[in-house]
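So that the names make sense, note that chain A is the first sequence line, chain B the second, and so on, each numbered from 1. Keep in mind that this is a model prediction, so the values were computed, not measured.
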4 protein chains.
Amino acid sequence: MNSVVLVGNLARDPELRFTAGSGKAVATFSLAVNRPFAKEGQQNADFLRIVVFGKSAENCANYLSKGSKVAIQGRIQTGSYETSTGEKRYTTDIVADRVEFLSRVNKENQGGFGQDDFGGGFNNNNNPEGFQALDDDDDDIPF
Amino acid sequence: MNSVVLVGNLARDPELRFTAGSGKAVATFSLAVNRPFAKEGQQNADFLRIVVFGKSAENCANYLSKGSKVAIQGRIQTGSYETSTGEKRYTTDIVADRVEFLSRVNKENQGGFGQDDFGGGFNNNNNPEGFQALDDDDDDIPF
Amino acid sequence: MNSVVLVGNLARDPELRFTAGSGKAVATFSLAVNRPFAKEGQQNADFLRIVVFGKSAENCANYLSKGSKVAIQGRIQTGSYETSTGEKRYTTDIVADRVEFLSRVNKENQGGFGQDDFGGGFNNNNNPEGFQALDDDDDDIPF
Amino acid sequence: MNSVVLVGNLARDPELRFTAGSGKAVATFSLAVNRPFAKEGQQNADFLRIVVFGKSAENCANYLSKGSKVAIQGRIQTGSYETSTGEKRYTTDIVADRVEFLSRVNKENQGGFGQDDFGGGFNNNNNPEGFQALDDDDDDIPF
DNA sequence: TTTT
DNA sequence: TTTT
């Protein structure tokens with residue numbers, strides 16, 4: 001059993017690539033998960049490397065950017081590799097089975113007024129698969 | 001082991017009461033958790049009864065209302081009782097250890113323009129204990 | 001987001017049925033999840049109705065029985081129905097995405113010496129899909 | 001929100017130390033979490049560094065050893081440090097809020113016949129706090 | 001007896 | 001209507 005749930009903000013824009021063999025989409029990004037009880041001067045967030053596959057990866061690349069808030073369900077995956085100088089390094093990633101979008105930053109308008117809450121009318125489905133019904137108007141009301 | 005994580009919207013305003021013995025605060029509310037893959041005509045959410053204790057209960061009563069979005073970490077608790085006619089009924093509640101506020105609806109202004117997103121910059125601490133740093137300004141940038 | 005992880009013991013043997021339309025297997029059972037801090041005289045477990053589909057349902061029916069210990073990953077699902085007298089009743093089930101077998105009770109030998117631990121060495125795969133590699137020898141070393 | 005649940009086996013005996021300031025107990029160990037769908041020749045487990053504090057840490061040191069099976073509830077914590085040559089390294093630990101014992105290996109008898117399942121009679125509480133009612137007999141029946 |  |  002290996003189950004992880006995180007809610008946090010993208011620390012950087014997602015990167016999208018495709019596997020050599022099957023051409024499957026793979027998105028990676030860094031997620032900042034706030035530590036609610038961090039004291040002044042302490043590290044106040046944990047930074048996790050998130051890996052997403054398939055259609056969900058494409059949705060992440062298309063709709064998320066630095067600052068976007070997401071909820072993630074997945075599992076922890078560890079690995080290792082050797083540096084060019086022959087040293088062993090260990091990695092820890094979160095492989096996401098599900099990414100739920102809680103806000104986004106408009107990619108054309110980042111740092112400006114582009115961030116909207118995913119409000120959505122009744123029946124709104126704000127997750128990557130079957131993604132629709134964005135709040136794309138210009139007001140500041142999230143739904 | 002009994003661990004639950006939910007992200008959803010309050011289906012009604014929280015109710016606050018205090019235990020007879022110690023006067024400890026207890027908040028209860030119904031949480032609507034959307035089903036991302038619900039088809040047209042199907043039930044599109046699960047409705048869970050959430051129970052919160054102590055300081056966190058008071059924060060829920062003060063800062064949340066119908067429509068607010070929260071993330072909850074806790075455990076499932078089952079129980080039973082007898083009706084006035086002697087029938088046995090079973091209950092299932094979620095006892096929350098942690099409630100993270102993802103949005104709120106301003107209680108004085110509900111149904112209007114009162115809903116703000118909880119900022120969520122890396123430095124922001126948007127949880128009930130030590131609650132602070134709301135994004136209360138008038139712009140539409142969440143951090 | 002709706003994620004549940006439970007570790008507990010089957011309170012009764014699983015029941016297996018098949019859906020009317022597609023003939024898909026559905027197993028249901030009651031899981032007793034111990035409350036670690038229950039005081040003398042208090043309820044010391046929560047009892048959840050677990051629903052499993054497909055090949056995993058068949059494995060549950062074949063390898064689990066009353067008393068078996070399992071870890072479950074899934075989601076909470078609520079529903080409602082009307083009694084024959086027209087009263088509305090509410091239900092809460094756990095729909096399992098994954099069932100990991102931590103022990104079983106031999107179905108031919110229940111109540112006797114049939115309970116074996118599921119090994120669990122690093123190479124062992126003790127989950128319903130691709131179920132194999134039981135520790136069926138007569139010693140008491142689990143790997 | 002940062003919630004992790006793992007079920008796995010200790011890859012090594014726990015190490016116990018005490019904090020410099022308050023003398024609080026801290027246990028650390030490596031947990032092997034099996035990957036149920038690993039193919040022949042692939043890495044078949046993830047190895048996580050677990051950190052436990054307080055009374056629970058002492059129970060881990062006293063009752064667990066290499067091979068013991070546990071369920072863990074906690075959170076992911078990342079950090080960084082500098083090597084003696086000035087390079088930055090990143091760490092990822094699991095800080096455990098709860099450790100549930102699912103089996104142990106007798107510390108005096110490791111590698112032999114010492115591993116018993118935590119069976120326990122009715123009302124048994126097999127978790128670190130208030131730890132009791134071990135199955136210490138010599139037979140191979142877990143309860 | 002429901003949210004978005 | 002319960003497990004260990």
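The pair B:Glu100-B:Arg98 counts as a salt bridge, with a side-chain nitrogen and a carboxylate oxygen less than 4.0 angstrom apart.
Contact between the side-chain N/O atoms of C:Lys88 and the OP1/OP2 oxygens of E:dT1 is not found at any separation under 4.0 Å. Taking only side-chain nitrogens and oxygens, B:Lys69 never comes nearer than 4.0 Å to OP1 or OP2 of E:dT4.
One can place CZ of B:Phe47 at 4 Å from C1' of E:dT2, the figure rounded to the nearest angstrom. Distance, B:Leu10 CG to E:dT1 P: 13 Å, rounded to whole Å. Rounding to whole angstrom units, CD1 of residue C:Ile50 and P of F:dT3 are separated by 16 Å. The separation between B:Leu102 atom CG and E:dT3 atom C1' is 14 Å, rounded to whole Å. Residue B:Gln43 contributes atom CD, which lies 12 Å from atom P of E:dT2 at whole-angstrom precision. Whole-Å rounding puts the B:Met1 CE to F:dT3 C1' distance at 17 Å. Rounded to an integer number of Å, the gap from CG of B:Asp46 to P of E:dT3 is 14 Å. Atom-to-atom, CG of C:Asp13 to P of F:dT4 comes out at 11 Å; the value is rounded to the nearest Å.
Of the candidates E:dT1, F:dT3, E:dT3, the closest approach to any side-chain atom of B:Arg12 belongs to E:dT1. Out of F:dT2, E:dT1, F:dT4, the shortest distance to the side chain of C:Tyr90 is found at E:dT1. Counting only heavy atoms from C-beta on, B:Asn44 has its side chain closest to E:dT3 among E:dT2, F:dT3, E:dT3. Nearest to the side chain of B:Lys66, among E:dT2, E:dT3, F:dT3, sits E:dT3.
The base of E:dT3 sits with one of its N or O atoms less than 3.5 Å from a complementary donor or acceptor on the side chain of B:Asn34.
For C:Arg12, there are no salt bridge (Lys or Arg N to Asp or Glu O under 4.0 Å) partners two or more places apart in sequence or in a different chain. Residues passing the side-chain contact (heavy atoms from CB on, under 4.5 Å) test with C:Thr83 are C:Tyr81, C:Thr85, C:Glu87, C:Arg89, sequence neighbours excluded.
Under a 3.5 Å cut-off, the side chain of B:Ser68 and the backbone N or O of B:Ser65 do form a donor-acceptor pair. When atom types are taken as modelled, the side chain of C:Gln43 and the backbone of C:Ala45 share a donor-acceptor pair closer than 3.5 angstrom.
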